[in-house]
Amino acid sequence: THATKQGYNRIGRSESAPGLFRPSSHHVSELALLYVAAIAALELKSFCEFVDRRPELIGLTNRSGIGSLLDRLQLVGGHLWYVGQMPSAFDRFVEANKRVWQAWDKSGPIPAGRQAPNEIPSEEVGYYTDPLERLHQMHIGGNEMTTGFSHRPMW
């Protein structure tokens, strides 16, 4: 989302690094829109909290409508996992697989007692490093044959 040379290269606006994942314009546009929606939702939420503390000073019409809009923004854009949100089912899938692979020495059977994605506490799910690659992976889903865990795309 930042206009840097590396950022432009990442989204395919140069011919360098031919083996690099080239996201579709849909993924780039969706990610930008998700960031705009997340930041707008935080602004609206902060404003509503301010107004709610001072209802006698500030008369906000259609306060419930703003609350409904915030709920809708979370519903359609919550998969971004922006600051203050909970990890998605996809992030739990990635974390569960990572834990199995880290515990497995590859010379024997897969360790027993692996933790299912939905059993991992939210605070233990690792945050992603590349939001564009994460969004791409969320669109295609996954079925990890080694662990037996799978994730179906939301779309």
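Residue numbers count from 1 along this sequence. Heavy-atom basis, side chains included; hydrogens, waters and symmetry copies ignored.
With 3.5 Å as the limit, one finds a donor-acceptor pair spanning the side chains of Asp91 and Ser88. A donor-acceptor contact closer than 3.5 angstrom is absent between the side chains of Gln115 and Glu95. Using a 3.5 Å distance cut-off with no hydrogens or angles, the side chains of Thr129 and Arg134 do not pair a donor with an acceptor. With 3.5 Å as the limit, one finds a donor-acceptor pair spanning the side chains of His139 and Glu30.
Listed here is the closest heavy atom pair of Leu31 and Leu135: N-CD2, 3.8 Å. Here the closest heavy-atom approach between residue Asn143 and residue Phe93 is recorded as N-CZ, 4.5 Å. In terms of heavy-atom proximity, Met86 sits nearest to Ser122 at CE-OG, 2.9 Å. Looking at every heavy atom in both residues, Leu73 comes nearest to Ala41 through CD1-CB, 3.8 Å. Counting all heavy atoms, side chain and backbone alike, Val76 lies closest to His79 at O-CE1, 3.2 Å. Nearest approach of Leu80 to Tyr128, heavy atoms of both residues: O-OH, 2.8 Å.
Linking Ile, Leu, Val, Met, Phe, Trp and Tyr whenever their side-chain heavy atoms come within less than 4.5 Å puts Ile66 and Leu57 in one cluster. A continuous path of Ile, Leu, Val, Met, Phe, Trp and Tyr side chains, each step under 4.5 Å between heavy atoms, connects Val28 with Ile39, placing both in one hydrophobic cluster.
In this structure, the side chains of Ser150 and Glu144 stay at 4.5 Å or more apart for every pair of heavy atoms. For the pair Tyr82/Leu34, no side-chain contact is recorded, criterion being any heavy-atom separation below 4.5 Å from C-beta on.
Without hydrogens or angle criteria, Tyr127 side chain to Trp81 main chain gives a donor-acceptor distance under 3.5 Å.
Heavy-atom neighbours of Glu43 CD from other residues, nucleotides or ligands within 6.0 Å: at or below the threshold of 12. Atom CZ of Arg152 sits in a sparse spot, with 12 or fewer heavy atoms from other residues, nucleotides or ligands closer than 6.0 Å.
For the atom pair NE2 of His151 and CZ of Arg92, the computed distance is 12.5 Å after rounding to the nearest 0.5 Å. In this structure, the separation between CG on Leu69 and OG on Ser64 is 11.5 Å, given to the nearest 0.5 Å. The distance from the NE2 atom of His26 to the CG atom of Leu33 is 10.0 Å, given to the nearest 0.5 Å. We find the OG1-CG distance between Thr147 and Asn97 to be 3.5 Å, quoted to the nearest 0.5 Å. Interatomic distance, Arg114 CZ to Glu119 CD, rounded to the nearest 0.5 Å: 11.0 Å.
Ion pairing between Glu124 and Arg99 holds under the 4.0 Å rule for side-chain N and carboxylate O.
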